[in-house]
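Data first, discussion second: the structure below is written as structure tokens.
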Amino acid sequence: MIFTKIRFYLLVLAFLLILSGCKIQVRYPSEFPSKTVITNEETFWFWGLIGEKNYEANDLCPRGRVYEVRIYNTILQSAFTMLSFGIYSPRTVTIICSIRGE
């Protein structure tokens, strides 16, 4: 009886952790999105604490203008993070370049 309740609570907790992914999004209101979109899957370790990624905006976008940056986990990435107890923590980085409305 007790083991059934514990198993149930663990399954509910695992389901909630999968659904509660992390997402960061930054937008610049004076910019407009272009059709240039760069998407990379990056590998992090220990819940994202280890693994630093740097992007050079001048190399990725024309004139170095960035409209939006998104960092998020897909469902599969969240599952990998949970199955490895956070040791392996992949994330997706999407950069949308900008055109300036002048």
Side-chain angles (χ1 to χ4, degrees):
M1 174 89 170
I2 292 177
F3 293 114
T4 306
K5 281 187 174 184
I6 291 174
R7 189 178 325 152
F8 174 75
Y9 290 132
L10 287 175
L11 285 173
V12 169
L13 179 64
F15 181 73
L16 290 175
L17 286 174
I18 288 174
L19 289 180
S20 65
C22 178
K23 180 178 179 180
I24 300 172
Q25 184 172 331
V26 178
R27 276 193 189 160
Y28 300 102
S30 64
E31 307 287 330
F32 298 98
S34 72
K35 294 183 182 188
T36 306
V37 177
I38 297 104
T39 302
N40 292 324
E41 183 175 320
E42 303 293 350
T43 302
F44 292 92
W45 302 96
F46 299 104
W47 304 275
L49 297 175
I50 297 177
E52 182 176 322
K53 305 300 177 196
N54 296 317
Y55 293 97
E56 188 62 43
N58 290 326
D59 296 338
L60 298 174
C61 297
R63 290 183 275 170
R65 306 224 42 111
V66 175
Y67 173 72
E68 184 176 1
V69 177
R70 288 185 220 151
I71 304 170
Y72 58 94
N73 294 21
T74 63
I75 292 174
L76 187 59
Q77 291 170 339
S78 296
F80 283 145
T81 302
M82 286 190 54
L83 290 174
S84 68
F85 298 107
I87 295 172
Y88 173 66
S89 182
R91 295 192 180 143
T92 301
V93 177
T94 301
I95 299 170
I96 301 173
C97 294
S98 172
I99 52 176
R100 183 151 192 145
E102 298 181 71

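A quick note: this is a predicted structure, and the numbers were derived from the prediction, not measured.
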- Does a side-chain heavy-atom distance below 4.5 Å link Phe44 with Lys53? yes
- Note on the structure: Residue set satisfying side chain to side chain contact (heavy atoms under 4.5 Å, CB included) with Val93, at least two apart, ordered chain then number -> Glu42, Tyr55, Ile71, Ile95
- Return the set of residues passing side chain to side chain contact (heavy atoms under 4.5 Å, CB included) with Thr74 (not counting sequence neighbours), or none when no residue passes. Tyr72, Leu76, Gln77, Thr92
- Query: Does one hydrophobic cluster hold both Ile87 and Leu83, with members joined at side-chain heavy-atom distances below 4.5 Å?
  - Reply: no
- Task: Inspect the surroundings of CZ in Phe80 and state if more than 12 heavy atoms from other residues, nucleotides or ligands are less than 6.0 Å away.
- Result: no
- Measure the CD1-OG1 distance between Ile50 and Thr43 for me, rounded to the nearest 0.5 Å. 13.0 Å
- Task: Please confirm whether the backbone N or O of Thr81 pairs with a side-chain atom of Ser84, one donor and one acceptor, at under 3.5 Å?
- Result: yes
- Message: Show the nearest heavy-atom pair for residues Cys97 and Tyr67, with the distance to one decimal.
- Response: O-CB, 3.6 Å
- Message: If the condition is ring pair (Phe, Tyr, Trp, His ring centres under 6.0 Å), which residues does Phe46 pass it with, not counting sequence neighbours?
- Response: none
- Decide yes or no for Ser78 and Asn73: does some side-chain heavy atom of the first lie under 4.5 Å from some side-chain heavy atom of the second? yes
- Rounding to 0.5 Å, atoms OG1 (Thr94) and CZ (Arg70) come to a distance of 6.0 Å
- Note on the structure: Separation between CD1 (Ile96) and NZ (Lys35), nearest 0.5 Å, reads 13.5 Å
